[in-house]
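For reference, the structure is listed below as C-alpha cells.
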Amino acid sequence: MHNKAKLNGFSLLEMLLVMVIITSVVLMMITYTTTKTEETKRDVTVMQYEQILNAGLAYYINNSAWPATIDDLKTGGYLPNKTNINNAWGGSYTFYNNTTTGTFSICSAINGRLIGTSYTSATQASIISGRLPMAFVASDSCPATMPSPATCASTTCAVVSTVNIPGQNLNNARSINFAGLYHNGACVPAPVCPNAYNSATNPTGMKPSIMVIPVSVSGNYYGGTDVYPLSSFTAFAVGSTNASNTGDPVLQPGQCTVPTSPVACDIGGTGGGQFTSGTFWRVCLDVVTEKGRIYQQTSGPTPWSVWDPNSGTIMAITRCLPNNEPAGSAFNVFQKF
C-alpha cells in the first residue's frame, strides 16, 4: 500500500470572497477619507468666509465704507498680508458693495467632483451656504456684479454671503460717532453716514446730526476781571450760513453770530489742524448774565461784548440719524384745570 500526501489550499470561491472583502474595506476607506477631506474643506471655507466678513465689519467701523477688494483688508491689517487668500478649493473671493442697502457681500466658487452623471459642487455649495449669514448658491462663477440665486449643475458653484451695516457696533465707531468737549466757537467734524442722504439719489438715507450740551460756563467777560452771576445759558450748533440750510454741516460753517469773515475750520493747514477733510459744525454758547448777553464776535463796541472762547465748555455728540426715526413729542407744559 502506498500513502498519498494530502494537498491543502484555497478554493477559487474562497479567494474571490477574500478579494471582495478587501475591496469593500478599501472602498469604505476611500469613501471615508474623501468624505472627511470634503468636510474639512467645507469647514475651512466657512471659517474663511466668516473671517473675511468680520474683517469687513471691522473695516467699516473704522472707515465708514466697505472694503472694495480683499487687498484693502490685507493692507489695513484686518487680514494676514499673504500673497493669496483662497478657499479650500483654490477659489478667490470677490467683493460686492450695495450702496443703496448698505450691505457687504463676498463670493467664491466651490469646485466639485463627478459622481455618476452629476457633480458634488452643488451639494458642497448648498452645505456651505447653509452655515453662512444670508447666503445663497449662485451660478458657476463670481461675476463683476452681484449675482442672483440660481440652480447650479456645473463643475463649480458660487456661494454668496452678505452682512448688514454693523448697527450696534456703530455706537463705538469712531468714524460715525464723536463725543468730545469743545470750547465756544470750535469746529466739530460731521460723521460720514452709511447709506447717506442725498436729495436727488437717496432721499430716505441717513443724515448727520449733532447734540450739544453746555458743560461749564463762566460769567467772565473777555478783557475784564469781573465775573457776573449767570441768568441763563444754552448751546447750539451752526452749519451753513444759508437760512434754508441752517444746521447742516458744511465745509466751513459760519461763526456763532455769523460775521462777514468767520474763522475757518483748520483742515490740516499751517495752523496744525487735526482734520484732513470733511464737513463741520461750529458749536456755540449763548450766555446771559446780569451784565447782559455775551456774544462771540470778531469785534465789538466794548470788550464786554466779546465772548472769551476759553470761558465755557461744550459737549458735542454726533450720530447718523435714520430717516424713519420718530421725532418725539413737542415740548408742552401740562396744567391741572
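Just the heavy atoms: all of them, side chains too, but no hydrogens, waters or symmetry mates, feed the values below. Since the structure is predicted, the reported quantities are computational estimates derived from the model, not experimental observations.
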Sorted by chain and residue number, the side-chain hydrogen bond (donor to acceptor under 3.5 Å, both in side chains) partners of Asn86 (sequence neighbours excluded) come out as none
same_hphob_cluster(Phe136, Ile127) at 4.5 Å side-chain heavy-atom cutoff
no
Would you say that Thr103 contacts Met134 through its side chain, given a criterion of any heavy-atom pair below 4.5 Å between the two side chains?
no
Short question: side chain of Thr23, backbone of Met19 - any donor-acceptor pair under 3.5 Å?
yes
In Å, rounded to the nearest 0.5 Å, how long is the span from OG1 of Thr234 to CD1 of Ile213?
10.5 Å
To the nearest 0.5 angstrom, please state how far the CD1 atom of Ile85 sits from the OG atom of Ser92.
11.5 Å
Looking at Trp66, Tyr60, Tyr59, which hits ring-ring contact (aromatic ring centres under 6.0 Å, His included) with Tyr78?
Tyr59
Over all atoms of both residues, closest heavy-atom pair of Ser129 and Ala135
O-CB, 3.4 Å
Can you give me the closest heavy-atom contact between Ala316 and Val212, atom names plus distance?
CB-CG1, 4.2 Å
Student check: side-chain heavy atoms of Val283 and Ile210 closer than 4.5 Å:
yes
For atom OH of Tyr93, decide whether the heavy atoms of other residues, nucleotides or ligands shown that lie under 6.0 angstrom number more than 12.
yes
Between Tyr96 and Leu73, is there a shared hydrophobic cluster once you connect ILVMFWY residues whose side-chain heavy atoms come closer than 4.5 Å?
no
Once the angle between the rings of Phe95 and Phe104 is folded into 0 to 90°, is it parallel (under 30°), tilted (30 to 60°) or perpendicular (over 60°)?
perpendicular
Of Val159, Thr162, Ile106, Val163, the one forming a side-chain contact (heavy atoms from CB on, under 4.5 Å) with Leu132 is Val159
Roughly how far, to the nearest 0.5 Å, is NZ of Lys74 from CG of Leu79?
8.5 Å
Which heavy atom of Ser141 sits nearest to which heavy atom of Ala158, and what is that distance?
O-CB, 3.4 Å
Any link between Leu230 and Leu285 through a network of hydrophobic side chains (Ile, Leu, Val, Met, Phe, Trp, Tyr) touching at under 4.5 Å?
yes
Does one hydrophobic cluster hold both Met315 and Met211, with members joined at side-chain heavy-atom distances below 4.5 Å?
yes
Val137, Ile110, Thr156 screened by side-chain contact (heavy atoms from CB on, under 4.5 Å) with Gln124, the one that passes
Ile110
Is there a donor-acceptor contact under 3.5 Å from the side chain of Tyr49 to the main chain of Ser108?
yes
Does the side chain to side chain contact (heavy atoms under 4.5 Å, CB included) test come out yes or no for Val160 and Cys107, once each step is laid out?
CA-CA 4 Å; Val160 180; Cys107 176; 3.8 Å; yes
Nearest 0.5 Å please: distance from the OG atom of Ser209 over to the CH2 atom of Trp281.
6.0 Å
Looking only at heavy atoms, which two atoms of Tyr182 and Cys187 are closest? And how far apart?
CE2-O, 3.9 Å
So, does Thr94 use its side chain to make a donor-acceptor pair with the main chain of Pro143 at under 3.5 Å?
no
Any non-hydrogen side-chain atom of Ser105 less than 4.5 Å from a side-chain atom of Asn98?
no
Please check this pair: side chain of Ser161 against backbone of Pro133, looking for a donor-acceptor N/O pair closer than 3.5 Å.
yes
Treating Asn111 as the side-chain partner and Ser121 as the backbone partner, does any N or O pair qualify as donor plus acceptor under 3.5 Å?
no
Minimum heavy-atom distance between Cys157 and Ala125, given as atom pair plus value:
CB-CB, 3.8 Å
Pairwise distance CD1(Ile128) to NZ(Lys41) - rounded to 0.5 angstrom
10.5 Å
Indicate if Trp89 and Val46 have the same hydrophobic cluster label, given that clusters are the connected sets of ILVMFWY residues with side-chain heavy-atom separations under 4.5 angstrom.
yes
Under a 3.5 Å distance rule, please check whether Asn184 uses its side chain to pair with a backbone N or O of Ile314 as donor and acceptor.
no
